[in-house]
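First comes the structure, then the notes that go with it.
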Amino acid sequence: MSVLVYAESSEGKFKKVALEATSYGKKVAEQLGTNLVVLTINVDDTSALNAYGTEKIISVQNDALQNLNSKIVADIINQVAKKENSEVIIIDSSTNGISLAPMVAVYLNAGYASNVMAAPSNTNPFTVKRKAFSSKAFNHTEIKTQVKVIGLAKNSFGLVVNETNATTEKFSPSLLESSIAVASIDKTVGKVTISDADIVVSGGRGLKGPENWGMVEELAEVLGAATACSKPVSDLGWRPHSEHVGQTGKPVSSNLYIALGISGAIQHLAGVNSSKVKVVVNTDAEAPFFKAADYGVVGDAFEVVPKLIEKLKKFKSSNA
Amino acid sequence: MKILVCISHVPDTTSKINFIEGDTKFDSNGVQFVINPYDEFALTRAMWFKEKQGATVTVINVGNAVTEPTLRKALAIGADDAIRVNAEATDGFFVAKQLAEVVKNGDYDIILAGKESIDYNGGMVPSMLAAILDYNFVNACVGLDVEDNSATIQREIDGGKKTLTANLPLIIGGQKGLVEEKDLRIPNMRGIMMARKKPLTVVEAVDFEATTVSASFEKPVQKGACKMVDADNLDELISLLHNEAKVI
Ligand SMILES: Cc1cc2nc3c(=O)[nH]c(=O)nc-3n(C[C@H](O)[C@H](O)[C@H](O)COP(=O)(O)OP(=O)(O)OC[C@H]3O[C@@H](n4cnc5c(N)ncnc54)[C@H](O)[C@@H]3O)c2cc1C
Ligand SMILES: Nc1ncnc2c1ncn2[C@@H]1O[C@H](COP(=O)(O)O)[C@@H](O)[C@H]1O
């Protein structure tokens, strides 16, 4: 028996969510009294995994896997899970993770729980807590099958250091055929994405127009944050759709969410509620967002934000 | 071209979320149910294929009789016919199995679904369906064009977009971008009248044991009051974020 984590990487480096999934995997392995096996694809230096409790690393190297196709990766996870006799398979909530985890479940005839946010509260029946209703509630789900697949929500379990000396085994999986071909990839480099970010700075209709986003971007840059926006802002074409957050946009589960000129409508809050700390800047002291926030500033974003940027720059340089 | 649009029947986005029977059941009392917002984008894209490329559009839901008004709404928007698989949609794997049965017998070229249902946020049905049927699958789809037997698809990835090509049949997990918000349709009077006469076929579910069971629900603990900081004292905000919240 074992617990298997698929540690996703990008350009040969592990994403933070992969290390979080590894930390979580260690916890589940302890609960079940078994070992943690971590699968990596095209990562040369896997030493980062040693800090989070990995006992065995299965390393796949294959140039044909440059453009991780969900089906092919899901099948590789399936092969490794069978080989390692894995009872629980843990996959992170990256864009790829959420596409391939359900496939892994089908291949293994396993029950699948997504958006899981805590270690199993019980291992028999195997019970996990999941986000539901766009974080307006939680659901305790029992997975009934012998093999279980878990999709771990981002920033829910955190990184838990647990030094180990993992052994590494090379594995050459057989690759499924796929008639999906990548024609082109258009990726902004050097910009923090909403899904990877620890801090997100978001602007709403209160910022009046696209020409005023310079200060949002500057604030984000000072904080190493990603930029986001409310739905009307992307509907109006002020910002790209990919920045729309909320119930019908991207979910945000960062450590810090800063909302500028956003009223805090129920659909907006539904998507950002699982951020740990929320700061609101709004001219209207009655804006609903203040009820959901941790820190609030009643004020004009056009005055507050530039001041905040200056002060943060000073703070950063004195804390460097 | 034959298109199947998978419709999930979910509480309206403004619904109060409450539970009954010792927090084991969702309280649907007074809740208005709607077409899952992501499925609306998929359905609208399907209407475009119908109007520009002569596609026929079937909508499907796995659910009990209470979901029929939602399917009728999809017919009023312009779908040609509807199928309801008569079963409570408890577990995503179960729903995918039911959809797979219909797809196997239906010869569809494209199956459009949403990237997730806004109730349980499972995000599992379309990719499970693809795995069961071994069909091509693209998730987080923000653009779809079809010519002859092949499709060009835009997929959102972390920090950008990927353009892909795939042969039909194809399953899509769609979201905003598949069509624009302003192009979403609301049923008009004529559509509603016509929808009454369109076929809605009820089929029985195949046996499949649920792989997961919902044991209970819980609501987030009420948060403490928001700490207010004076707009002229932003140093305090920075100090709170650094020393108290420890996020910067
Ligand atoms: C089905 C459905 C799904 C939806 N999904 C989403 C979703 O996923 N995400 C989402 O965001 N919305 C969603 N919405 C829309 C949501 O209901 C709100 O309309 C939207 O969130 C409001 O955006 P906003 O706060 O930017 O704008 P407004 O509501 O217009 O708020 C602007 C705020 O800015 C403040 N303001 C004005 N000037 C200033 C200034 N100078 N400085 C500081 N503050 C200022 C105002 O006091 C006000 O509170 C959805 C709606 C529906 C019906
Ligand atoms: N009961 C259902 N009947 C038909 N389609 C469904 C059902 N549940 C989910 N779907 C489809 O699958 C998508 C993802 O849903 P889910 O996996 O439940 O998050 C939805 O957007 C629908 O297109």
Side-chain angles (χ1 to χ4, degrees), chain A residues 70-71 94-95 98-99 102-103 105-107 111-115 127 131-134 136-145 179-188 191 193 195-196 223 235 241-242 247-248 255-256 266-267 277 290 293-299 304 307-308 311-312 315, chain B residues 13-14 17 19 37-38 92-93 118-124 127-128 130-132 136-140 142 152 156-167 176-177 181-182 210-220 223 226-229 231 234-235 237-238 240-242 245 247-248:
Chain A
S70 323
K71 176 169 122 178
S94 60
T95 318
I98 55 181
S99 297
M103 297 186 167
V106 169
Y107 295 151
Y112 168 56
S114 57
N115 288 316
T127 313
K131 297 182 194 177
F133 296 97
S134 309
K136 285 184 259 185
F138 307 114
N139 179 238
H140 296 274
T141 302
E142 289 176 17
I143 308 181
K144 293 292 187 191
T145 45
S179 70
I180 300 188
V182 177
S184 63
I185 295 180
D186 172 11
K187 208 168 165 172
T188 23
K191 214 172 165 255
T193 64
S195 56
D196 279 342
L223 290 167
D235 289 345
H241 288 320
S242 55
Q247 182 157 22
T248 54
N255 286 329
L256 173 61
I266 187 165
Q267 297 96 348
V277 174
F290 286 111
D294 301 276
Y295 302 102
V297 178
V298 176
V304 172
K307 271 198 234 162
L308 190 58
K311 288 186 186 293
L312 277 168
F315 167 80
Chain B
T13 56
T14 56
I17 305 298
F19 303 100
Y38 298 110
F93 207 152
I118 63 165
D119 51 2
Y120 295 98
N121 308 108
M124 58 199 287
S127 58
M128 283 193 153
I132 295 169
N136 282 333
F137 170 62
V138 179
N139 207 3
V142 292
T152 307
E156 191 173 276
I157 53 172
D158 293 339
K161 252 188 215 173
K162 233 183 206 180
T163 303
L164 305 150
T165 55
N167 291 336
K176 181 161 98 173
E181 181 82 21
K182 62 176 172 27
T211 55
T212 63
V213 171
S214 160
S216 63
F217 293 94
E218 180 187 324
K219 294 229 266 182
K223 23 180 299 75
C226 179
K227 267 196 192 158
M228 300 307 286
V229 178
L234 296 172
D235 287 318
L237 179 65
I238 292 173
L240 286 167
L241 292 177
H242 182 63
V247 287
I248 60 170

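Since the structure is predicted, the reported quantities are computational estimates derived from the model, not experimental observations. So you know, we letter chains A, B, ... as the sequences are listed, proteins then strands, and number each from 1.
- Considering all non-hydrogen atoms of both residues, A:Gln247 and B:Tyr38 come closest at O-OH, 3.3 Å.
- Defined by atom type and a distance below 3.5 Å, a donor-acceptor pair is present between the side-chain atoms of B:Thr13 and A:Gln267.
- Shown here are the salt bridge (charged side-chain N to carboxylate O under 4.0 Å, His left out) partners of B:Lys227, two or more places apart in sequence or in another chain: B:Glu244.
- Between A:Val182 and B:Thr163, every side-chain heavy-atom pair lies at or beyond the 4.5 Å cut-off.
- Looking at A:Asp294, the atoms closer than 4.5 Å to chain B (heavy atoms on both sides) sit in the backbone and in the side chain alike.
- Between chain B and the residues A:Asn255, A:Asn115, A:Thr248, the most heavy-atom pairs under 4.5 angstrom are made by A:Thr248.
- Using a 4.5 Å cut-off between heavy atoms, B:Ile17 contacts chain A through its side chain alone, with no backbone atom that close.
- Of the atoms belonging to A:Phe133, heavy atoms from both backbone and side chain fall under 4.5 Å from chain B.
- Residues A:Leu256 and B:Leu241 share a closest heavy-atom pair of CD1-CD2, 4.1 Å.
- Heavy-atom pairs under 4.5 Å with chain A were tallied for B:Asn167, B:Ile157, B:Asp235, B:Ile132; the largest tally goes to B:Asp235.
- Looking at A:Phe138 and B:Lys219, their side chains never come closer than 4.5 Å, going by heavy atoms from C-beta outward.
- Atoms OG1 and OH, from A:Thr141 and B:Tyr120 in turn, are 9.5 Å apart once rounded to the nearest 0.5 Å.
- Side-chain atoms of A:Thr95 and B:Asn139, non-hydrogen and from C-beta on, never get closer than 4.5 Å to each other.
- Both the backbone and the side chain of B:Lys161 come within contact range of chain A, each with at least one heavy atom under 4.5 Å from a heavy atom of that chain.
- With a threshold of 4.5 angstrom between heavy atoms, B:Pro220 approaches chain A through its backbone and through its side chain.
- Most heavy-atom pairs under 4.5 Å with chain B: of the set A:Ala105, A:Gly299, A:Ser134, A:Ser70, this distinction falls to A:Ser134.
- Both the backbone and the side chain of B:Phe137 have a heavy atom closer than 4.5 Å to some heavy atom of chain A.
- Annotation: side chain of A:Ser179 is in contact with side chain of B:Asn136 (closest heavy-atom distance under 4.5 Å).
- For a residue to count as touching a neighbouring chain, one of its non-hydrogen atoms must lie under 4.5 Å from one of that chain's; by this rule A:Ile266 touches chain B with the side chain only.
- The side-chain heavy atoms of A:Phe315 and B:Ile248, taken from C-beta on, include a pair separated by under 4.5 Å.
- Contact of A:Lys311 with chain B is made through backbone and side chain together, with heavy-atom distances under 4.5 Å.
- For B:Phe217 and A:His140, the gap between ring centers reaches or exceeds 6.0 Å.
- Across A:Ser99, A:Ser94, A:Ala137, A:Ser242, the residue that shares the most heavy-atom pairs under 4.5 angstrom with chain B is A:Ser99.
- Residues A:Tyr112 and B:Met124 come closest through the heavy atom pair CD2-CE, 3.6 Å.
- Side-chain contact between B:Met228 and A:Val298 is present, with heavy atoms from C-beta onward closer than 4.5 Å.
- Interface remark: B:Leu237 contributes side-chain atoms only to the contact with chain A (heavy atom separation under 4.5 Å).
- Looking at A:Ser195, only its side chain comes within 4.5 Å of chain B, counting heavy atoms on both sides.
- Residues B:Asn121 and A:Ser114 fail the side-chain proximity criterion, which asks for heavy atoms closer than 4.5 Å.
- Within the 4.5 angstrom heavy-atom criterion, only side-chain atoms of A:Val277, from C-beta onward, approach chain B.
- Of the two parts of A:Leu223, only the side chain, counted from C-beta on, holds a non-hydrogen atom closer than 4.5 Å to a non-hydrogen atom of chain B.
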Where do A:Asp186 and B:Lys162 land on the salt bridge (Lys or Arg N to Asp or Glu O under 4.0 Å) test, with the steps shown first?
CA-CA 6 Å; A:Asp186 172 11; B:Lys162 233 183 206 180; over 6 Å; no
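- Residues B:Phe93 and A:Val106 meet the side-chain proximity criterion, which asks for heavy atoms closer than 4.5 Å.
- Annotation for B:Cys226 and A:Ala293: closest pair CB-O, 3.4 Å, computed over non-hydrogen atoms.
- In terms of heavy-atom pairs under 4.5 angstrom with chain A, the leader among B:Thr152, B:Asp158, B:Thr212 is B:Asp158.
- Contact tally against chain A (heavy-atom pairs below 4.5 Å) for B:Ala140, B:Gly159, B:Ser214: the top residue is B:Gly159.
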Residue pair A:Leu312, B:Leu234: steps toward the side chain to side chain contact (heavy atoms under 4.5 Å, CB included) verdict:
CA-CA 9 Å; A:Leu312 277 168; B:Leu234 296 172; over 6 Å; no
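- The salt bridge (charged side-chain N to carboxylate O under 4.0 Å, His left out) test applied to B:Lys176 returns A:Asp235, not counting sequence neighbours.
- Of the listed residues B:Ala231, B:Ala210, B:Ser127, B:Gly92, the one with more heavy-atom pairs under 4.5 angstrom with chain A than any other is B:Ser127.
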